Amino acid sequence: MPPKTFNCIQCGNCCLNLSDAFQTSVSDEDVAMWEREGRFDILEWVHPIPLGEDHYIYDIWINPKTGDDVYRCPWLKKLPKQDKYICRIHDLKPEHCQKYPHSIKHAEETGCNGFE
Ligand code: SF4
Ligand code: SF4
């Protein structure tokens, strides 16, 4: 049998149901990328928590109006009249989103249908 290749079918399961996709923290590199690109619309959903001198942890996604964690990623969009979803910051999404799923096993464990 040939090895399974990954093909995202845009089911949205990862973004909708895995809370560690959107209630987590991001790297300094992600924040630097958004700063470099001038994406202050993204950065306003990031909450830096100081950990020491010049060292932060960056919580995402935090509602800039309420200061609360979100219960759905603010960048997820359902396509009209389809059961498909897109990421509105696809080219600039956080590294953990870019790297999902890490493996077939990770996909199976987390309900990703991209290897079927
Ligand atoms: S940033 Fe994009 S890929 Fe990541 S959880 Fe949100 S919609 Fe999904
Ligand atoms: S769960 Fe898998 S197939 Fe579905 S949108 Fe996420 S990466 Fe794509």
Side-chain angles (χ1 to χ4, degrees):
M1 196 193 287
K4 289 182 177 179
T5 53
F6 181 67
N7 177 33
C8 176
I9 59 168
Q10 299 178 275
C11 67
N13 176 64
C14 50
C15 308
L16 286 166
N17 299 322
L18 304 179
S19 59
D20 59 352
F22 56 85
Q23 288 180 345
T24 183
S25 57
V26 293
S27 66
D28 295 358
E29 288 75 19
D30 284 333
V31 171
M33 167 179 72
W34 296 325
E35 286 174 347
R36 211 169 42 243
E37 297 292 331
R39 291 300 300 266
F40 300 103
D41 58 326
I42 300 176
L43 288 165
E44 70 176 358
W45 291 80
V46 179
H47 181 61
I49 300 171
L51 285 186
E53 205 174 319
D54 286 339
H55 188 44
Y56 294 87
I57 188 168
Y58 296 98
D59 268 357
I60 61 162
W61 300 112
I62 307 297
N63 187 318
K65 292 200 175 104
T66 64
D68 295 330
D69 284 322
V70 297
Y71 289 95
R72 179 175 162 147
C73 181
W75 312 110
L76 186 65
K77 179 178 167 60
K78 186 176 184 296
L79 294 178
K81 299 179 187 165
Q82 298 181 59
D83 256 347
K84 285 191 172 183
Y85 293 81
I86 58 165
C87 172
R88 293 191 297 114
I89 58 169
H90 181 69
D91 293 339
L92 294 173
K93 62 189 177 187
E95 187 184 2
H96 71 272
C97 295
Q98 291 174 30
K99 291 191 169 167
Y100 178 85
H102 308 306
S103 61
I104 294 177
K105 185 166 179 279
H106 186 212
E108 285 171 355
E109 287 172 352
T110 52
C112 170
N113 303 305
F115 281 105
E116 288 178 0

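The chain is numbered in sequence order, starting from 1. Given the structure is predicted, the values throughout are model-derived calculations rather than measurements. Order of appearance sets the numbers: ligands from 1, and atoms from 1 within every ligand.
- A donor-acceptor contact shorter than 3.5 Å is absent between the side chain of Arg39 and the backbone of Met33.
- Among protein heavy atoms, atom 8 (Fe) of ligand 2 sits closest to Cys8 SG, 2.4 Å.
- For Lys78 (side chain) and Gln82 (main-chain N/O), a donor-acceptor pair under 3.5 Å exists by modelled atom type.
- The backbone N or O of Asp30 sits nowhere less than 3.5 Å from a side-chain atom of Glu95 that would complete a donor-acceptor pair.
- The atoms of ligand 2 that sit less than 4.0 Å from any heavy atom of Asn13 are 1 (S).
- Inclusion of Cys14 in the first shell of atom 2 (Fe) of ligand 2 is not supported: no N, O or S atom falls under 2.8 Å.
- Protein heavy atom nearest atom 4 (Fe) of ligand 2, with residue, atom name and distance: Cys11 SG, 2.3 Å.
- Of all atoms in ligand 1, listed by their number and element, those nearer than 4.0 Å to a heavy atom of Leu76 are 7 (S).
- Nearest heavy atoms, Ile60 versus His96: CD1-CE1, 3.7 Å.
- Asn13 contributes a side-chain N or O that, together with a main-chain N or O of Thr110, makes up a donor-acceptor pair within less than 3.5 Å.
- Those atoms of ligand 1 that come under 4.0 Å of a heavy atom in Lys93, given as number and element, are 3 (S).
- Residue Cys15 approaches ligand 1 through these ligand atoms, each under 4.0 Å from one of its heavy atoms: 3 (S), 5 (S), 7 (S), 8 (Fe).
- Taking both residues in full, the closest heavy atoms of Leu16 and Phe22 are given as O-CE2, 3.9 Å, listed atom of the first, atom of the second, then distance.
- Side chain of Trp34 to backbone of Leu92: a donor-acceptor contact under 3.5 angstrom is found.
- Coordination check, Cys73 versus atom 6 (Fe) of ligand 1: passed, since an N/O/S atom of the residue sits under 2.8 Å.
- Closest to atom 5 (S) of ligand 2 among all protein heavy atoms lies Gly12 N, 3.3 Å.
- Using a cut-off of 2.8 Å, one finds that Cys112 contributes no N/O/S atom close to atom 4 (Fe) of ligand 2.
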